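What follows is a short report on a single structure.
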Amino acid sequence: MTSVISGGVRERINDALHQAVRALGVEEDIPDLELGRAKVPEHGDYASSAGLKLARVLRSRPDEIAARLAEKVVVPEGAATAEAEKGYVNFRLTDDWLRQLVTRIAPGYGGRDIGRGERLQVEFGSVNPTGPLHIGHGRGVTLGDSLCRLLEFTGHSVQREYYVNSDNTQTRRFGASVYARLHGNEPPEGGYTGDYVTELAEMARHDLPGIDKVPEEEAEPKLRMYAIEKMVERIRATVARLSVRYDEWYYENKLWEAGLPQTAIDRLRKSGHIKERDGALWFGEPNDEEEDRVVIRANGQPTYFASDLGYLLSRFEQRGFNRVIEVWASDHHGYVPRMKSAAAALGFDPQKLVIILHQMVNLKEGKMSKRAGRFVTLDELVDRVGSDAVRYFYLLRSPDTTIEFDLELAVTQGSENPVYYAQYAHARLSNVEVAAAERHPRLPERADASLLGHPWELDVARQLAFWPDVVEDATAVLEPHRIPYYVHDLATAVHRFYHAGNAQSEHRVVVDDPELTRARLELCRAARHTLKTALELMGVSAPERM
RNA sequence: GCCCCGCUAGCUCAGUGGAUAGAGCAUCUGUCUUCUAAACAGAGGGUCUGAGGUUCGAAUCCUCAGCGGGGCACCA
């Protein structure tokens, strides 16, 4: 994409509007002029309430200010015209500029160097490796992956990490459960009862000869690591089916081998954040016991929190990430303040630790319980619904909303599934390009976009103009769910455009006139590239045929 | 008791303090000898949970209340 519009037309208009405000003699800070998409067509494409915003500063009537601004504002390239109405300044993208835009769109359109190569880590999906992923985990995994895709698309240097717990209470119980099954016993209280635990025990009996002769104290850590390894393999396979990629599977025991938790504790002891009480070590603010949390238990065993202290060092210091984004399920929300204060106590900017919480996923049939071994696994979901639909389904919702997973609906393959709507638009565009090549073996190399003029053609171009705004906003607030909503809007414009040719053949893309065909083909290509890019950010495939 | 999230059309959900609140599904009515009908055009459907407040303006911000979900361990 050329630099001319890389920032998006909205930003261009906003800059122009600010210039106009300065020209009116406003010296001080200009308030946010609320430039956004207009909600009704009569108001154009973008609208600003600049007149209302500046009324106080300029001590003048909003409608007068808006009128003066509309007169003064000059949008570069003639991309938009301005019109005042009451206190608002409305902008309408010009047809000529929309036509130009179409010829400029190349693969990767909308991408932009917002991050300037910022080194950041996104840690997501880090479930205790004590069982297969279930439907709830699928949400964190797909959200995290799409977030990474988005951040990479906007110029960040992203490292994707899965933190593998291996030394905590849950994984020990897991090891003990495998040990119990190995000896034909029931798992201990609070252990894991799923059939897969028995299977793991049998596999261990085969892979670790003589393990059943070893006393528990010695056998459990071996069985635990063996079982964790098997579960991690399974988790890797599951997420791979969803096109979720990780750069690093970071094991908790690696922290201890590097002595990072101990280093962190020593440092915190010096600053008064680590205190000894009741035989245990606690973390908290100096001279305040209120929020204290145990780091090392009275029995000498560390809690997960000790590992997490070391994990902060590993990331902010040892590995030098500027920012760390964690994706957690909301049932961990109580842990957020503790992690933030730990980061601050260790000398890091807590703002650089960004924690994204997503709400839970419920099945309509009833609650899930991992330890009871009675759940619908993510694998089963992918088997039944398919990766594309699963990803689309998860990403469609804001992280703040609880998903009520209606399996019955998700399983039905048909037009009610929004993913097909978007993919079909892409397939149609791909197909029409093939048809054009057959009909016109030698089309003009360059498209004359001025031949585009029908409202449905310009509406496609208009949607394309909005794409950089969507990318920018989604990145700013770290909300990938804005993408599928955009995809839907673009697909709608594409289907309308295409359908015009079904209703009247002279409106088809492929017509007798090679010049006209070429121009419409250019629009198809621009839309196809953009659709494909957006779908890629979601991890959803863009088929060329359906 | 304290903390977090939600409450918007029949259902599932979008909606950066701006003008007349949107989409999908479902329901109903039309459109295929055609570059793919997995599509298009149209219709109906709303006290944005309630009450106060902030201001030129509130679904959006604040307070209180209600309902639903999730947390509040020497589990993670």
Side-chain angles (χ1 to χ4, degrees), chain A residues 32 34-40 42-43 47-49 52-53 55-56 62 85-88 90 126-128 130 165 168-173 190 278-282 293-299 301-305 307-308 328-337 357-360 362 396-404 406 409 413-425 427-436 438-439 456 469 473 476-477 481-482 484-485 488-489 491-492 494-505 507-511 517 520 524 545-546:
Chain A
D32 186 357
E34 305 279 355
L35 180 71
R37 287 273 294 280
K39 285 187 178 158
V40 289
E42 298 84 69
H43 298 153
S48 163
S49 50
L52 295 155
K53 292 288 179 203
R56 190 164 300 167
E85 192 186 336
K86 294 187 271 187
Y88 301 89
N90 297 326
S126 305
V127 180
N128 267 328
T130 53
N165 285 113
N168 60 28
T169 305
Q170 291 305 329
T171 51
R172 285 194 193 96
R173 281 180 186 160
D278 304 331
L281 289 188
W282 303 69
R293 296 292 154 175
V294 169
V295 180
I296 306 286
R297 299 184 180 89
N299 65 9
Q301 265 194 353
T303 66
Y304 63 93
F305 193 43
S307 296
D308 281 341
W328 293 353
S330 64
D331 55 350
H332 289 67
H333 86 268
Y335 194 41
V336 172
L357 297 169
H358 65 80
Q359 294 298 312
M360 313 302 281
N362 296 324
L396 201 51
R397 281 155 177 81
S398 148
D400 289 338
T401 304
T402 305
I403 294 181
E404 294 292 334
D406 187 339
L409 184 77
Q413 303 250 357
S415 57
E416 58 267 76
N417 207 327
V419 67
Y420 297 116
Y421 185 82
Q423 291 182 316
Y424 188 51
R428 274 180 147 178
L429 293 172
S430 305
N431 189 63
V432 82
E433 288 178 31
V434 174
E438 282 171 9
R439 173 83 169 275
W456 49 84
D469 302 342
D473 292 345
V477 294
H481 76 270
R482 292 163 183 260
Y485 283 95
H488 180 267
D489 288 345
T492 297
V494 166
H495 283 309
R496 275 189 193 141
F497 158 69
Y498 187 94
H499 192 267
N502 278 357
Q504 285 183 278
S505 55
H507 294 146
R508 288 186 181 196
V509 175
V510 184
V511 288
T517 300
R520 289 177 179 165
C524 290
R545 297 194 163 276
M546 285 175 74

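Keep in mind that the numbers below use all heavy atoms, side chains included, and drop hydrogens, waters and symmetry copies. Every chain is numbered from 1, with letters handed out A, B, ... down the list of sequences. The structure displayed is predicted, hence computed values, not measured ones.
Under the Watson-Crick or G-U wobble criterion, with both distances below 3.5 Å, rG66(B) is paired with rC7(B). As the counterpart of rC2(B), rG71(B) is assigned, both hydrogen-bonding distances of the Watson-Crick or G-U wobble pattern falling under 3.5 Å. Across all strands shown, rC48(B) remains unpaired; no Watson-Crick or G-U wobble contact has both distances below 3.5 Å. Pair check for rG57(B) finds none; no Watson-Crick or G-U wobble contact set falls under 3.5 Å. rC40(B) and rG30(B) make up a base pair, with Watson-Crick or G-U wobble contacts both under 3.5 Å.
Between the Thr517(A) side chain and the Val510(A) main chain, no donor and acceptor come within less than 3.5 Å of each other.
Regarding contacts with the backbone of rA37(B), every side-chain N or O of His495(A) stays at 4.0 angstrom or more from both OP1 and OP2. Phosphate proximity of rA37(B) to Tyr420(A): absent, as no side-chain N or O sits under 4.0 Å from OP1 or OP2.
Between Met360(A) and Thr169(A), the one whose closest nucleotide on RNA chain B sits nearer the 5' end is Met360(A). Summary of the strand contacts: Ala500(A) and Asn168(A) both lie near RNA chain B, and taking for each the nucleotide with the nearest heavy atom, the more 5' one is attributed to Ala500(A).
The aromatic ring of His43(A) sits over the base of rA19(B), with ring centres less than 5.5 Å apart and planes inclined by under 30°. Residue ring and base: Tyr88(A) counts as stacked with rA19(B) (centre distance below 5.5 Å, interplanar angle below 30°).
Here Ala436(A) lies out of heavy-atom contact (under 4.0 Å) with every strand. The residue Asn90(A) sits close to a base: some heavy atom pair falls under 4.0 Å. Base engagement by Tyr498(A) is indicated by at least one non-hydrogen atom pair under 4.0 Å involving a base atom. Arg508(A) comes within 4.0 angstrom of a base, heavy atoms only. Within 4.0 Å of Gln423(A), counting heavy atoms only, lies no atom of the nucleic acid at all. Base contact: Ala47(A) has a heavy atom under 4.0 Å from a base atom. Within 4.0 Å (heavy atoms only), Ser48(A) reaches no atom of the nucleic acid at all. Base contact: Asn502(A) has a heavy atom under 4.0 Å from a base atom. Backbone-only engagement by Arg56(A) is indicated by non-hydrogen atom pairs under 4.0 Å involving sugar-phosphate atoms exclusively. Counting any heavy atom pair closer than 4.0 Å across all strands shown, Ser49(A) reaches a base atom. At a threshold of 4.0 angstrom between heavy atoms, the contacts of Asn165(A) are confined to the sugar-phosphate backbone, with no base atom among them. At a threshold of 4.0 angstrom between heavy atoms, the contacts of His332(A) include nucleobase atoms, whether or not backbone atoms are also involved.
Rounded to the nearest Å, the gap between the C1' atom of rC7(B) and that of rU47(B) is 15 Å. Taking atom P on both nucleotides, rG45(B) is separated from rA23(B) by 14 Å, rounded to a whole Å. Comparing rC64(B) with rC25(B), their P atoms are spaced 41 Å from each other, to the whole Å. A gap of 15 Å separates the C1' atoms of rA51(B) and rA58(B), to the nearest Å. If you take atom P in rU16(B) and the same atom in rG22(B), they sit 14 Å apart, rounded to whole Å. Look at the C1' atom in both rG53(B) and rC11(B): the space between them is 34 Å, to the nearest Å. To the nearest whole angstrom, the two C1' atoms, one in rA41(B) and one in rU8(B), are 27 Å apart.
For Asp400(A), the listed nucleotide lying nearest its side chain is rG6(B); candidates were rC35(B), rG17(B), rG6(B). Each of rU31(B), rA38(B), rA14(B) was ranked by its minimum atom distance to the side chain of Ser398(A); first place goes to rA14(B).
Look at CZ on Arg172(A): it is 12 Å from C1' on rC74(B), rounded to the nearest Å. Rounded to an integer number of Å, the gap from Arg482(A) CZ to rA23(B) C1' is 16 Å. Across the protein-nucleic acid pair, Arg496(A) atom CZ and rA37(B) atom C1' stand 16 Å apart, rounded to whole Å. If you measure from atom NZ of Lys53(A) to atom C1' of rA19(B), you get 13 Å, rounded to the nearest angstrom. Remark: P of rA38(B) and NE2 of His488(A) are 16 Å apart, rounded to the nearest angstrom. Rounded to an integer number of Å, the gap from Gln359(A) CD to rC5(B) P is 8 Å. Distance, Arg37(A) CZ to rG22(B) P: 13 Å, rounded to whole Å. Look at CD1 on Ile403(A): it is 14 Å from P on rC7(B), rounded to the nearest Å.
For the pair Tyr498(A) and Leu429(A), the minimum side-chain heavy-atom distance is 4.5 Å or more. Counting only heavy atoms from C-beta outward, the side chains of Met360(A) and Ser330(A) approach each other to under 4.5 Å.
For rG18(B), its base never sits under 3.5 Å from the side chain of Lys39(A) at any donor and acceptor pair. One donor-acceptor pair, N or O on each side, does fall under 3.5 Å between the base of rC3(B) and the side chain of His333(A). Judged by distance alone with a 3.5 Å cut-off, no donor-acceptor contact links the side chain of Arg397(A) to the base of rU12(B).
Pairing each heavy atom of Phe497(A) with each of Cys524(A), the nearest pair is CE2-SG, 3.7 Å. Looking at every heavy atom in both residues, His43(A) comes nearest to Asn90(A) through O-CB, 3.1 Å.
Between Tyr485(A) and His481(A), the ring-plane angle classifies as perpendicular under the 30° and 60° cut-offs. Ring-plane geometry between Tyr335(A) and Phe305(A) is classed as perpendicular, the angle between the planes exceeding 60 degrees on a 0 to 90 degree scale with a lower cut at 30.
Under the 3.5 Å distance criterion, with hydrogens and angles disregarded, a donor-acceptor pair is assigned to the side chains of Asn168(A) and Thr171(A). A side-chain N or O of Arg428(A) and one of His495(A) form a donor-acceptor pair less than 3.5 Å apart.
In rC25(B) the O4'-C1'-N dihedral to the base is more than 90° from 0, which defines an anti nucleotide.
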